[in-house]
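In what follows, a structure is listed as structure tokens, so that the remarks can point back to it.
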Amino acid sequence: MDTMTFVLFGGTGDLAKRKIYPALYNLFLEEKMPSTFSIIGLGRNESTDKDFQESVENSIRTFSRRLSDNGSKIEQFLTTIRYSKLDARNKEDYQRLLQLVKDREEELNIPENRLFYLSVAPEFFDVIALNIKESGLGTTNGWKRLIIEKPFGQDLKSARLLNQNLNNAFKEDEIYRIDHYLGKPMVRNLEALKFENPVFQALWSNRSIANVQITASETVGVEQRAGYYDQAGAIRDMFQNHMLQLLMMTAMHAPKQKDANEIRAEKRKVLEALRPLNKDEVGKNLVRGQYEAGLVNNKNVPGYRDEPGVRKDSQTDTFIAARLWIDNQDWAGVPFYIRTGKKMPEKSTRIVVEFKRNHNDIYLNKDPNLLVIEINPNESVSLILNSKNPVNGELEPINADYASSQLDVPDGYELLIYDAIRGDSRFFAHWNEVELSWKWVQPILEAFDEEQIPLHGYTAGSNGPDAANRLLEEDGFSWWLDK
Ligand code: NAD
């Protein structure tokens with residue numbers, strides 16, 4: 001693995017503390033970091049290296065999955081870290097940063113391989129990328145890479161503009177767009193489940209599958225993020241990115257090679273085959289909702305419009321359910337139902353694949369077979385089969401299952417950062433995927449803006465508006481496994 005410098009913009013922020021330092025430290029413990037590396041944290045305030053290292057130590061001690069037996073590993077890790085004050089718009093700060101990066105490269109005798117991680121608000125993405133270029137930080141005789149966090153634009157137009165701006169400083173194959181759902185181990189396992197098992201390989205198409213249900217439900221509301229969320233809603237916060245990524249990963253064909261180009265090409269084909277929803281079809285295939293006061297986990301909670309920071313007349317969606325069709329040979333006729341919402345009864349991200357029943361006069365296939373893939377917070381795979389009860393001889397559904405929750409599973413950020421350090425972009429969103437997702441979502445955003453789509457209220461603690469159930473009932477199905 002190449003030795004390198006890891007430059008973290010937003011190095012004093014919440015994401016850095018909770019996820020990025022713990023991830024880097026766990027990679028270090030597992031000897032997955034390069035033999036020599038330098039980490040430079042950036043923030044807006046003055047700080048000494050020592051104070052900054054102490055704050056990193058605190059975040060590791062609070063949030064790391066593992067700590068070493070004695071303090072020596074943390075000590076060793078902290079010696080790799082330096083701090084520099086930087087305001088995204090101040091050109092002198094970039095010169096100081098460049099000098100620090102170079103000094104450390106020289107001191108450690110490492111090549112100019114530089115990984116820039118933008119863990120800052122999206123308004124800074126393009127200004128930082130431009131300043132990396134103009135300051136000379138991006139002129140290296142090694143490699144350079146850019147990791148950015150969501151949101152990648154607020155609509156098709158702004159996403160395209162942002163991408164153009166980033167492309168002035170970084171080429172597509174240097175940009176690693178984090179969709180942290182692609183860091184979740186069970187999402188990474190989908191490829192193996194589908195293609196390493198002849199049983200599923202044979203069944204993975206409209207010949208055997210009746211419908212696919214992808215749910216990401218949360219019990220929480222907007223918490224401290226009302227300012228952002230009230231502008232974004234579930235459609236931008238979850239649907240355009242994470243939910244469509246889960247759809248691509250579920251429906252994609254086997255790639256010719258297990259490399260990033262082939263995998264991303266197969267994902268792109270799913271979006272290209274996704275039947276566009278014209279504005280006048282949105283209402284027939286998509287349900288939007290907003291939570292009202294109710295009971296979650298036995299606690300009374302206020303409605304969305306009564307949350308601090310939310311407009312009293314907010315029309316923002318906190319729930320989306322949609323029916324999607326993939327018009328290719330394998331998936332024609334199979335509805336994909338996708339649903340995400342806040343203040344629902346349980347926190348669960350899962351994919352349920354309902355198989356077709358093949359009943360005849362003798363064997364009725366009373367209950368359909370289901371493949372249930374739990375992604376978060378639990379990780380499990382179960383297959384629901386029909387079986388004869390040994391006592392009364394009646395048919396009953398049984399559950400053949402596997403759960404990985406007892407294992408010490410790495411956090412998604414560990415996996416993603418490890419990939420980016422090695423230059424493996426398989427589990428990052430390619431621009432084509434981002435653009436096609438926004439393109440598909442754009443008529444929905446417009447239909448929302450023009451108030452063409454009713455905003456259904458749903459009681460906090462419920463599974464969303466009734467209309468979301470009717471969406472499936474129209475096709476003779478219902479949501480599985482709802483609490
Ligand atoms: P935060 O507000 O806690 O931290 C922001 C960081 O940006 C701080 O280090 C701050 O010093 C820095 N910053 C602010 N203004 C700056 C400026 N003018 N110049 C340079 N640096 C500046 O935010 P966060 O929660 O750490 O989120 C960072 C990014 O990650 C955001 O884009 C957010 O949307 C995204 N994100 C966060 C989470 C999360 O769980 N926190 C999850 C997904 C995506």
Side-chain angles (χ1 to χ4, degrees), residues 6-24 39-47 51-52 55-56 58-59 62-63 81-97 100 116-132 135 137 146-154 158-159 162 166 175-184 216 218 220-234 236-243 245 309 340 342 347 349 376-377 411-417 420 428-429 434:
F6 188 97
V7 182
L8 183 55
F9 292 81
T12 53
D14 175 64
L15 187 68
K17 287 181 182 153
R18 281 189 308 106
K19 294 288 183 184
I20 303 173
Y21 298 124
L24 288 166
I39 295 174
I40 297 179
L42 304 168
R44 268 175 312 169
N45 300 325
E46 290 290 355
S47 171
D51 287 348
F52 184 64
S55 76
V56 173
N58 278 339
S59 43
T62 315
F63 297 110
I81 299 178
R82 298 290 180 277
Y83 180 79
S84 194
K85 174 178 169 303
L86 180 135
D87 188 301
R89 299 204 162 86
N90 185 335
K91 299 206 181 288
E92 281 167 25
D93 289 349
Y94 289 85
Q95 286 310 319
R96 206 177 34 240
L97 172 62
L100 177 60
F116 302 98
Y117 193 134
L118 308 196
S119 177
V120 291
E123 70 213 67
F124 298 121
F125 290 169
D126 38 17
V127 63
I128 292 178
L130 187 68
N131 278 316
I132 288 174
S135 63
L137 274 159
L146 180 77
I147 302 185
I148 59 172
E149 283 285 341
K150 75 168 194 185
F152 202 85
Q154 301 89 50
S158 58
L162 169 59
L166 294 184
I175 302 176
Y176 290 69
R177 295 177 195 82
I178 289 208
D179 185 307
H180 65 271
Y181 276 60
L182 295 180
K184 295 189 186 295
E218 296 178 280
V220 294
V222 282
E223 315 300 294
Q224 318 323 321
R225 297 163 67 224
Y228 152 76
Y229 192 86
D230 204 36
Q231 301 298 322
R236 291 181 175 87
D237 186 48
M238 290 293 294
F239 197 93
Q240 177 273 332
N241 38 43
H242 309 315
M243 303 310 284
Q245 282 291 344
T340 181
K342 289 193 174 293
K347 178 177 169 66
T349 302
N376 190 42
D411 183 73
Y413 275 85
E414 270 172 72
L415 300 171
L416 290 166
I417 291 174
F428 292 86
V434 177

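Note: hydrogens, waters and symmetry copies are ignored here, and every other heavy atom, side chains too, is used. As the structure is a computational prediction, the values presented were derived from the model and not from experiment. Numbering of ligands and ligand atoms starts at 1, following listing order.
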Could you list each N/O atom of ligand 1 together with any protein N/O atom closer than 3.5 Å, one pair per line with the distance?
residue	atom	partner	partner atom	Å
ligand 1	3 (O)	Asp14	N	2.8
ligand 1	9 (O)	Gly10	O	3.4
ligand 1	9 (O)	Thr12	N	3.3
ligand 1	9 (O)	Thr12	OG1	2.7
ligand 1	9 (O)	Gly13	N	3.1
ligand 1	11 (O)	Thr12	OG1	3.2
ligand 1	15 (N)	Arg44	NE	3.3
ligand 1	19 (N)	Ala88	N	2.8
ligand 1	26 (O)	Asp14	N	3.1
ligand 1	26 (O)	Leu15	N	2.8
ligand 1	32 (O)	Val120	O	2.5
ligand 1	34 (O)	Lys150	O	3.4
ligand 1	40 (O)	Arg18	NH2	2.6
ligand 1	41 (N)	Asp14	OD2	3.2
ligand 1	41 (N)	Arg18	NH2	3.4

For the residue pair Lys184 and Tyr181, would you count it as a cation-pi contact if the rule is NZ or CZ under 6.0 angstrom from the ring centre and within 45 degrees of the ring axis?
yes
Check the angle between the aromatic planes of Phe52 and Tyr83 and answer parallel, tilted or perpendicular using the 30° and 60° thresholds.
tilted
Which of these, Ile20, Leu8, Ile81, sits in a side chain to side chain contact (heavy atoms under 4.5 Å, CB included) with Ile39?
Ile81
Mutual orientation of the aromatic rings belonging to Phe428 and Tyr176 [parallel < 30°, tilted 30-60°, perpendicular > 60°]:
perpendicular
Could you tell me if Lys19 and His180 have a donor-acceptor pair between their side chains, going purely by distance under 3.5 Å?
no
Got more than 12 heavy atoms from elsewhere within 6.0 Å of CD, Glu92?
no
